[in-house]
Protein chains: 2
Amino acid sequence: MRSSHQAGRLAQPPSPITDDGDEEHFCRSCSFSSACNAVGQGKPELNALQCLVEHVGPYRSGQYVFRSGDPFRAIFAVRSGTVKTSVVDRDGREQVLGFYLPGEVIGLNAIYPDQFPCDAIALETAQFCRFLFPAMSALASRVPVVQQHLFRLLSKELGAVTLLAGDHSADERMAAFLTDLSERYAARGFSGISFHLSMPRGDIANYLRLAAETVSRVLSRFRSQGLIEIEGRELTISDPQGLRKLGQNLLPD
Amino acid sequence: MRSSHQAGRLAQPPSPITDDGDEEHFCRSCSFSSACNAVGQGKPELNALQCLVEHVGPYRSGQYVFRSGDPFRAIFAVRSGTVKTSVVDRDGREQVLGFYLPGEVIGLNAIYPDQFPCDAIALETAQFCRFLFPAMSALASRVPVVQQHLFRLLSKELGAVTLLAGDHSADERMAAFLTDLSERYAARGFSGISFHLSMPRGDIANYLRLAAETVSRVLSRFRSQGLIEIEGRELTISDPQGLRKLGQNLLPD
DNA sequence: TGTGCGCCTTGATCCGGATCAACCCGCGCG
DNA sequence: CGCGCGGGTTGATCCGGATCAAGGCGCACA
């Protein structure tokens with residue numbers, strides 16, 4: 001995000017993330033950009049932002065960003081890589097809650113319980129902007145657009161989870177999942193037609209509440225129907241409209 | 001809520017809701033009480049609250065409080081009665097999203113899309129405190145505890161929806177549903193052991209993503225197992241711990 | 001008083017997706 | 001090199017819950 005670009009250079013402890021010259025573009029496509037931009041415009045608030053944003057990472061695949069039960073101190077915007085969040089219930093079964101791409105924000109569901117209610121695990125090497133929440137919250141009081149932004153992020157996530165909670169067929173779920181991923185990549189400036197699935201089939205299955213075998217079968221079927229091309233984790237969407245139509249009951253619009 | 005008690009008496013257009021002498025208790029048990037109380041303590045803010053809270057209702061069973069697509073102007077706290085929220089997808093199938101009891105808040109998921117993403121329908125004659133959201137949001141900027149309260153409400157709802165999204169058996173879902181209702185009634189000062197189900201079986205089924213027949217069967221089974229007594233919509237929980245244990249994977253704690 | 005209609009219950013059958021099982025592939029490692 | 005192992009695919013079977021079907025209230029209304 002734009003502001004972290006600025007704040008990052010000024011941060012007292014040398015940031016573990018080296019500037020790659022692409023930060024400006026990254027910040028524009030980040031979920032927080034409007035908030036950061038709003039802050040960046042007023043000099044005094046810029047100071048506040050320096051205090052509350054921090055670059056952290058990299059986390060290697062499989063590493064925990066936070067764990068269920070950790071005290072809630074900050075929310076995280078993904079700078080690079082991919083993250084999954086999940087909970088494990090009393091009998092040890094994992095439940096994947098979501099996948100997060102660059103520019104997206106994790107940790108909002110920790111506000112109410114005041115501790116993280118889920119684990120966050122890197123699926124690929126990942127880096128983050130870390131926003132201390134008390135400071136963020138205080139800032140939100142002074143800068144209305146930041147407050148509004150947080151409300152919207154929360155409300156948006158609420159809508160997303162709600163859709164997944166419906167009862168839908170394996171085909172609908174899968175089509176909606178791929179379309180959603182595609183549109184999220186596109187929104188961040190990546191290709192929405194051809195991309196790499198950063199998570200194993202088992203995680204997709206778990207997230208969609210299906211068995212891994214079912215995911216495999218549905219993908220094979222989609223391929224034979226000419227909707228997608230897929231080889232390992234490399235995906236190309238051949239018929240975006242067809243795919244979207246299949247998943248329409250699960251998708252916004 | 002306490003503050004609406006005060007504000008209600010002063011409202012210029014005579015409130016359609018007559019005071020029943022129980023408002024003070026009601027406000028204490030409302031989801032908004034801490035926010036309202038915080039505001040009520042400072043004289044100047046009290047004025048603000050008068051402007052943004054309004055008593056509305058009664059809505060009779062079956063009436064819409066708001067409809068999907070309506071512009072988002074306000075959130076609603078249930079004062080009395082019960083409400084369900086639901087969406088209908090493209091092929092006309094209804095999807096129940098939640099049931100809301102006195103003291104609970106609806107409309108938060110409308111913030112992001114800036115229009116209501118679902119219908120809200122009274123299940124029993126219902127009355128509300130209506131909070132204009134722009135004013136509420138402005139107030140939240142000035143009174144940090146109000147902002148915090150809204151964040152928490154949103155985050156809490158996010159957690160609740162997430163649980164329902166998991167894949168669980170009909171028994172687990174049903175047990176968790178009844179336990180949840182029980183605890184919510186208890187939290188508002190009603191009996192959590194014996195209460196009236198204000199929604200038809202079909203709505204429960206839809207909410208839990210089951211068939212109405214399955215709901216009926218599971219309830220019969222629970223009865224024969226001595227977990228509950230049920231006759232029509234009158235429910236008594238005979239074995240709260242047993243029921244809670246059955247649904248534990250879906251419940252907080 | 002009868003009739004129709006929502007709502008609920010219970011039984012019989014069916015089906016989507018889970019589970020079990022076998023196998024393939026690529027890769028790290030002794 | 002041979003081996004184990006995690007991840008992926010595909011086939012065979014099984015099962016929980018959906019669907020279909022029938023019947024029983026309780027209640028509004030002619």
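Only a predicted model underlies this, so the values are computations on that prediction, with no experimental measurement involved. Every chain is numbered from 1, with letters handed out A, B, ... down the list of sequences.
Within the 3.5 Å criterion, the main-chain N or O of Ala165(B) finds a donor-acceptor partner in the side chain of Arg209(A). When atom types are taken as modelled, the side chain of Arg60(B) and the backbone of Pro58(B) share no donor-acceptor pair closer than 3.5 angstrom.
Other residues, nucleotides and ligands place no more than 12 heavy atoms under 6.0 Å from the OH atom of Tyr112(B).
Here dG8(D) presents its P atom at 18 Å from CZ of Arg221(A), a figure rounded to the nearest Å. Rounded to an integer number of Å, the gap from CG of Leu197(A) to P of dT9(D) is 10 Å.
Aromatic ring pairs are classed by plane angle as parallel below 30°, tilted from 30° to 60° and perpendicular above 60°; the pair Phe66(B) and Phe76(B) is tilted.
Side chains of Glu234(B) and His196(B): a donor-acceptor N/O pair is present below 3.5 angstrom, by distance only. In the model, Glu124(B) has a side-chain atom that pairs as donor or acceptor with a side-chain atom of Thr82(B) under 3.5 Å. For the 3.5 Å distance criterion, the side chains of Ser86(B) and Gln95(B) fail to qualify, holding no donor opposite an acceptor.
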If you restrict it to nitrogen or oxygen atoms, what contacts under 3.5 Å exist between nucleotides 22-28 of chain D and the protein, and what is each distance?
none

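Taking the six-membered ring for Trp and the full ring otherwise, the centers of Tyr64(B) and Tyr59(B) sit at least 6.0 Å from each other.
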Item to complete: Any chance you could list the contact pattern along nucleotides 6-18 of chain C? Use B for base contacts, S for sugar-phosphate-only contacts and - for none, protein heavy atoms under 4.0 Å, 5' to 3'.
Response: -SSBBBB----SS

